Structures are given as structure tokens and as C-alpha cells.
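Beneath this line is the structure, given in C-alpha cells, with notes to follow.
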Amino acid sequence: MNSLKTVIKTLSAKYADEFIDIRNHLHKYPELSFKEYKTAEFIAKKLNEYGVSFTSGIAETGVLAIIEGKNPSSKVIAIRADMDALPIEETNEVPYKSCNAGIMHACGHDVHIACLLGATKILNELKNDFEGTIKLIFQPSEESFPGGAIKMIEAGVLENPKVEMVIGQHVLPQLEAGKMGLKPGMYMASTDEVYLTVKGKGGHAATPELNVDPIIISAQILVALQQVVSRFGNPAIPSVLSFGKIIGNGRTNIIPDEVKIDGTLRTFNEQWRKEAHEHIISIAKSIAKGMNGDCDVFIDKGYPFLVNDENLTKQFKNEAIEFLGASNVVDLDLRMTAEDFAYFTQKVPSCFYRLGVGNPNKGIISNLHTSTFNIDESSIETGVGLMAWLAIESLKK
């Protein structure tokens, strides 16, 4: 065991610069959800170089690779990395700054791909040292509904041969490079998109008595909807209802006919999730009706909440401590953010852990989904080695 751990550490250090370069290349050429064509081509090229068999074009741009060790049918596991970037204009001044205007790897998916490719290279070199089969899932579109995870599951990536567990890794800038974190059980929230169209009767702003003002109706609705969590919700169930976009396309002296409002609901309980939807619809419609207007409500039910398998995650914590040392493995809290890896956790026992990429001493502190997000490149070596180590140890259990 110790010798194999040493080999993995040695190889991840040996290949660190290679996979830092791969990450930087991917960062320079980001692509949006379900449009990751060149990213998929790049992944396929690397898999060919490593001599790993794969299938591309799954769920449009997804790639599935397979490594068979000795006795391939003894156990089958999978490791997943997402591939898409965000519609954000990068403001970092770095050599690998995005060359695609308005698109940026601001959520670290370039790191996820680089780490999975690195683990793939190492695992393929060590395939005579472990028993079982490892599937490598390069997944499109984590950032946009309906998400690539469900599409790849529907395409059969967990079947033929049947996968017994899935490993997922995601960067965390609040955690310093060299560390990892994880949480057994409930970890990340479900996410729904809430769309309101408030309808009134527009007209001249100086004659409000002749109008049905959707701006005022919208203001009342937004204030009232704060009751959904604060008054109707169970304090024991963390929940967030927030609205980030309001469009009332009038002018200083023009009341518009309608206002559009977009928001999100996050929570950790399916029954309450359903009830919250009902409250949102009831409140929005009743207030609009009471002010002589109307409100169309569309709630796009998104990703489920993410639950890490208790036993598997505890096992991973022990294995991570063995690989990184106890001081570099931390316990995480619930997160209100969401992840379509949750679909994998609903199908088979899974663990979604966090890779530290921050470094305050170097000024690398920007959060995910920001135009200045960056990583401490030393985290690549940690991510590659840890992923390979967890995969091989998982095959033994």
C-alpha cells in the first residue's frame, strides 16, 4: 500500500508541469455548456496519447474513457469531471487569459479536466497494479439546465459495465492549495429557477389612475415573497429564495405593461421544496390580482440536492488523511450552491469532495463565478494524485 502511494505521489509530481500546462490551455480556450466541441477534441487527443480507449459524442460533447485493471469485472467505479465554462469576461492579466470573448473558466472546470486527465494517465500506467475497472466521465454542461449529468446517465455511462460508485472533485478557493475537504451526508442544495411575469396596464407615468402599474405590483410581490423562507419555512431546513434580475422596460415617464423577475430557490428537503413552490405561486398571483394585475409564474425545477454517501465519504476522509496528512483534510459545512453531480448521488453511492486552490499569500482569493477567479497551480499536483489514490483505494473495498 505504502509503495503504491509513493508511486502515485512520484508520478503526480513528475507530471505536474504537464497538467498545469493542460489546465492553462483549457483556461485559455473555454467553451459554454453543450458547446465544448474543441474541449472534447482536446480530451480525445490526450486519451489517444495515453493509449486509453474512449467513446466521444455522448450527450453531444461528453467523453467516456475506460481503464481495465486485472480482473476487470471485480468492481467498477467512475470518476467525473465537468467541462463547461461560464459567460463571464475574464479580467485577470495572465498568460493563459481567456481568448474567447465573454467566456471564462470561472468555476474551475478546467482544473477538473486537467486533474482527471492526470489521474487517467497515472491509473493507466498502474493498471497492472489494481483489480477492477475505472470509468472516466468527462461531462458537458454542469452550469446550465438541464445539465449534462442527467444526459450522460440517460446515455448509459453508468451501465455496461454497471458502476458501483462515483467520485467527483470540485475546486474551492476558500480552501488553501494542498488541502481537501468533504462532508458526509447532505452537502449541497437543490436549485430551482423562478420566473415571474407581472402584467399590468402601461401608460403615462403622470396619469397613474389610468394605469395598472406592474412596477409597484412587482415591488409588493418581492417583499411578500420574503415570507416564504422567513415565515413559512422550517428553520431546521436551510433555504434561500433570492431574485437577481428585474426588467421593467419603461422610462422615467412611461409605465410598462409588464415586468419580468428571475430568481432562484435553494433548499434541502423535497416536501418543503414542493410547498415553497406552492407558496411562491399563491403569493405572486394573489398580490397581482389584488392590485388589478396578473402574474404568470414558471418554476423550472432544477438539480436535486447532493447527498454524499455516509460510509464512502468517511472512508475517503481516512484515505485522504493517509495521502495528504491529517492537517490537510478538513470537514466542510452545508453549501447553498448546487451541482448536477447530485444526479449521480441519486443513482449510486458517491462522494463529491473539494480541492483547495486558494493562496492568500499570493493574492489568490477570488471566489468562484467571478472575473478574477484563479488558482494556485500547485493544487493540480494535489488534485491529480489524490484522485488517482482514491480511485485505486476504492477498488479494494
Side-chain angles (χ1 to χ4, degrees), residues 32-35 84-89 101-104 106-107 141-147 150 189-233 239-267 272-304 336-340 368-371:
L32 295 175
S33 303
F34 287 124
K35 296 180 180 178
D84 55 331
L86 287 159
I88 293 175
E89 186 73 36
I103 307 175
M104 177 189 175
C107 200
S141 187
E142 187 277 326
E143 298 290 355
S144 296
F145 289 161
I150 192 67
S190 61
T191 176
D192 300 319
E193 293 184 352
V194 182
Y195 299 96
L196 310 178
T197 302
V198 182
K199 298 180 178 181
K201 179 184 177 184
H204 201 296
T207 57
E209 72 279 4
L210 301 178
N211 308 326
V212 176
D213 192 338
I215 299 285
I216 300 301
I217 298 173
S218 297
Q220 295 291 333
I221 289 173
L222 285 172
V223 171
L225 285 177
Q226 296 309 302
Q227 297 179 75
V228 172
V229 172
S230 67
R231 293 296 182 265
F232 299 121
S239 302
V240 168
L241 176 60
S242 296
F243 292 88
K245 184 177 181 180
I246 305 174
I247 299 177
N249 197 20
R251 288 179 54 186
T252 57
N253 63 346
I254 298 175
I255 303 300
D257 287 319
E258 66 178 29
V259 173
K260 292 187 177 294
I261 307 172
D262 300 351
T264 184
L265 172 71
R266 312 288 177 104
T267 191
W272 161 240
R273 186 183 187 184
K274 179 176 179 292
E275 292 173 7
H277 290 186
E278 293 170 354
H279 287 306
I280 292 168
I281 295 168
S282 175
I283 290 171
K285 284 186 169 294
S286 62
I287 288 178
K289 184 178 180 180
M291 299 177 72
N292 294 323
D294 195 9
C295 183
D296 292 338
V297 182
F298 173 62
I299 300 177
D300 197 355
K301 190 173 182 181
Y303 304 156
M336 297 309 296
T337 52
E339 241 287 347
D340 78 340
L368 301 170
H369 291 218
T370 66
S371 65

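Values in this document were obtained by computation on a predicted structure and should not be read as measured data.
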Rounding to 0.5 Å, atoms CH2 (W272) and OG (S239) come to a distance of 6.0 Å
Rounding to 0.5 Å, atoms NZ (K289) and SG (C295) come to a distance of 13.5 Å
Would you say that V229 contacts V240 through its side chain, given a criterion of any heavy-atom pair below 4.5 Å between the two side chains? no
| query | Is there a donor-acceptor contact under 3.5 Å from the side chain of S282 to the main chain of E278? | reply | no
Within the supplied structure, the quantity of interest is the number of heavy atoms (other residues, nucleotides, ligands) at a distance under 6.0 Å from K35 NZ; does it exceed 12?
no
* **I103 and L32: CA distance, side-chain angles, deciding distance, side-chain contact (heavy atoms from CB on, under 4.5 Å) verdict** => CA-CA 7 Å; I103 307 175; L32 295 175; 3.9 Å; yes
_Ionic contact status for D296 with K199, cut-off 4.0 Å_ = yes
Within a strict 4.5 Å, meaning less than it, do heavy atoms of the V212 and I217 side chains meet? yes
Problem set entry | Presence of salt bridge, R273 and E275, under 4.0 angstrom | no
Between A338 and A189, the two heavy atoms sitting closest are CB-O, 3.3 Å
Heavy-atom check, side chain of L196 versus side chain of L225, under 4.5 Å | yes
(message) Using side-chain heavy atoms (C-beta onward) and a distance below 4.5 Å, is Y195 in contact with I299?
(response) no
Short question: side chain of T207, backbone of H204 - any donor-acceptor pair under 3.5 Å? yes
Do the side chains of S371 and E89 get nearer than 4.5 Å, heavy atoms only?
no
TODO: Would you confirm whether R266, through its side chain, and M336, through its main-chain N or O, come within 3.5 Å as a donor-acceptor pair?
DONE: yes
Minimal heavy-atom distance between A284 and I221, with the atoms involved, is O-CD1, 3.6 Å
Separation between NZ (K201) and CG (D257), nearest 0.5 Å, reads 9.5 Å
Rounded to the nearest 0.5 Å, the CD atom of Q226 sits from the CD1 atom of I283 at a distance of 10.0 Å
query = Got a donor-acceptor contact below 3.5 angstrom from the Y303 side chain to the E142 backbone?
reply = yes
Tested for side-chain contact (heavy atoms from CB on, under 4.5 Å) against F145, the lone hit among T191, I150, D340 is T191
(request) Look at the rings of F232 and H279 and say which category their plane angle falls in: under 30° parallel, 30 to 60° tilted, over 60° perpendicular. (result) parallel
Exercise. Yes or no on side-chain contact (heavy atoms from CB on, under 4.5 Å) for M291 and I216, after CA distance, side-chain angles and deciding distance?
Worked result: CA-CA 9 Å; M291 299 177 72; I216 300 301; 3.7 Å; yes
What's the verdict on side-chain contact (heavy atoms from CB on, under 4.5 Å) for I280 and L241, showing C-alpha distance, side-chain angles and the deciding distance?
-> CA-CA 10 Å; I280 292 168; L241 176 60; 4.0 Å; yes
Is there a side-chain contact between V259 and I246 in this structure, where contact means two heavy atoms from C-beta onward sitting under 4.5 Å apart?
yes
Handout entry: N249, CG: over 12 other non-hydrogen atoms inside 6.0 angstrom
Key = no
pair I261-S218: side-chain heavy atoms closer than 4.5 Å = yes
Output yes when a side-chain donor or acceptor of N211 lies under 3.5 Å from a complementary backbone atom of D213, and no otherwise.
no
A205 and I255 have their tightest heavy-atom pair at CA-CG1, 3.9 Å
Taking every heavy atom of A276 against every heavy atom of L265, the minimum-distance pair comes out as CB-CD2, 3.8 Å
Can you confirm whether K301 sits close enough to D192 that some side-chain heavy atom of one is under 4.5 Å from a side-chain heavy atom of the other?
yes
Q. Can you check side-chain contact (heavy atoms from CB on, under 4.5 Å) on D262 and F243, steps first, answer last?
A. CA-CA 6 Å; D262 300 351; F243 292 88; over 6 Å; no
### Query
Are any side-chain N or O atoms of D84 and backbone N or O atoms of E143, one a donor and one an acceptor, separated by less than 3.5 Å?
yes
